[in-house]
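Worth saying up front: this structure is predicted, and the values here are computed from it rather than measured. Convention: sequence-line order gives letters A, B, ...; per-chain numbering from 1.
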2 protein chains.
Amino acid sequence: MNAAPASARNDKPAVVAAAMRVLAESGLPGLSMRRIADELDVQVSALYWHFPNKQALLAAVSAQIVGSGSVPDEMDAAARALRDRLLAHQDGAEIVSSSLALGLLELPARTALVAAARQAGLTDAAAEVAADTIVHYVIGYTFHEQQRLHAAVVGAADASVDLVPDAAGERRGDFDAGLAMIVAGVQASVAVS
Amino acid sequence: MNAAPASARNDKPAVVAAAMRVLAESGLPGLSMRRIADELDVQVSALYWHFPNKQALLAAVSAQIVGSGSVPDEMDAAARALRDRLLAHQDGAEIVSSSLALGLLELPARTALVAAARQAGLTDAAAEVAADTIVHYVIGYTFHEQQRLHAAVVGAADASVDLVPDAAGERRGDFDAGLAMIVAGVQASVAVS
DNA sequence: ACCTGAACACCGTTCAAGT
DNA sequence: ACCTGAACACCGTTCAAGT
């Protein structure tokens, strides 16, 4: 009953893999159903056998981006792990953001953040708020950063020098500084409750 | 020299006003150049006399959304004022987010936040980080919230009951709770520096 | 189970030409 | 100064039909 079919065609993971390749090459603006179909040497309509619509396909891409492995159990480490995942793919933050908002994606990092906040002494409800606050910050910050990269590419000879100062160096510092403020606030909220 | 022209045609503010009407009626997905042109009884190509491209038009819409008036000078009040502006327009957070990331928009609330953070005792650099952290949180949170509204409209008979619990009530509380954590963290960072 | 081919109803942008 | 008309190169989605 597990006999290999006569002609091996595409399955869901193959479609997602093709989408990841297109994303790496052309970013989110280039990630059209037609480009993905081309990558598989297939008609566009074939994709709709595997996924009901583009958003569902993007949700599968998002799941690939954020991964399913384990996440560090400290708050700042978990936040940075999420950020690194997003940064590892072009427009990663934007894709994940929309899948998340549509309720089509589970975030392993969020689960880890809730646990860490609880361990720090927050009530269950406060831990959820803290986790969401940090997730919003990470995604918002990284989204903004990745879109600036786009703008910089478009306006090559632009005065965008001061917008993207020394590339990764300073930005990582700012991200960490902001994150530290939030984490401090979360810990401070234990005293209040 | 200020004589009224024979036939009064459209100017930039009129185009922006038309775009705001379309946005109110159909949201960001419906905000196409063609729909805006229709609203003005004009050909699409006419819009390109007023704006070089759609992003520039969206930046003008964003400026209208965030306003130019004065902003409360306390940190949490300034953050809530920004949030209220975004919530007052369909997909306000998404539109503003992309204009901001592209460097096409000034945020009055950000200026107020920097000033408030400085007054709280932060260094100039730390005050900028604090302001950006809060702005990212506000936009990220509101973006997420507004996209859920979309999803709820699309899946009317859905099990989206637990995703949008009691509408505004609980959400406002969660937003404020998260904001309070960040503000506490910002104030805590004064001791460190 | 997976795909083709063709169509539908859209997009943003450009450009010569008009008044 | 502001607009028309037509075109270009795209989109996501649907659907009957094939193997």
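- Under 4.0 angstrom from either OP1 or OP2 of C/dA1 there lies no side-chain N or O belonging to A/H50.
- Crowding of B/E74 atom CD: a count of heavy atoms from other residues, nucleotides or ligands under 6.0 Å not exceeding 12.
- Looking only at side-chain heavy atoms (C-beta outward), B/H89 and B/I95 stay at 4.5 Å or farther from each other.
- Distance B/L40 CG to D/dC3 P: 8 Å, rounded to the nearest Å.
- If you take CG of A/D41 and P of C/dC3, they are 11 Å apart, rounded to a whole angstrom.
- For the atom pair CD of A/Q187 and CE of A/M75, the computed distance is 6.0 Å after rounding to the nearest 0.5 Å.
- To the nearest angstrom, P of C/dC3 lies 9 Å from CG of A/L47.
- Using a cutoff of 4.0 Å between basic side-chain nitrogens and carboxylate oxygens, A/R80 and A/D76 are scored as salt-bridged.
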Letter by letter from the 5' end, nucleotides 11-19 of chain C scores (B base, S sugar-phosphate only, - none; protein heavy atoms under 4.0 Å) BBBBB--B-
A correct dot-bracket answer for DNA chain D, with pairs being Watson-Crick or G-U at under 3.5 Å, [ ] for crossing pairs and | for inter-strand pairs, is ||.|||||...|||||.||
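- Scanning both residues, B/A79 and B/I134, for their nearest heavy atoms gives CB-CG2, 3.8 Å.
- For the C1' atoms, the distance linking C/dC11 with D/dC8 amounts to 12 Å, nearest Å.
- Under the 30°/60° scheme for interplanar angles, the aromatic rings of A/F175 and A/Y137 are found to lie parallel.
- A salt bridge does not link A/E128 with A/R118: every distance from a Lys NZ or Arg NE/NH1/NH2 to an Asp or Glu carboxylate oxygen is 4.0 Å or more.
- Between C/dC10 and D/dA9, the distance separating the two P atoms is 22 Å to the nearest Å.
- In this entry the distance linking CG of A/D38 with P of D/dC10 reads 11 Å, nearest Å.
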Under 3.5 Å donor-acceptor pairs involving side-chain atoms of residues 40-60 of chain A, not counting sequence neighbours:
| unit_1 | atom_1 | unit_2 | atom_2 | d |
| --- | --- | --- | --- | --- |
| A/N53 | OD1 | A/Q55 | N | 3.3 |
| A/N53 | OD1 | A/A56 | N | 3.0 |
| A/K54 | NZ | A/L31 | O | 3.1 |

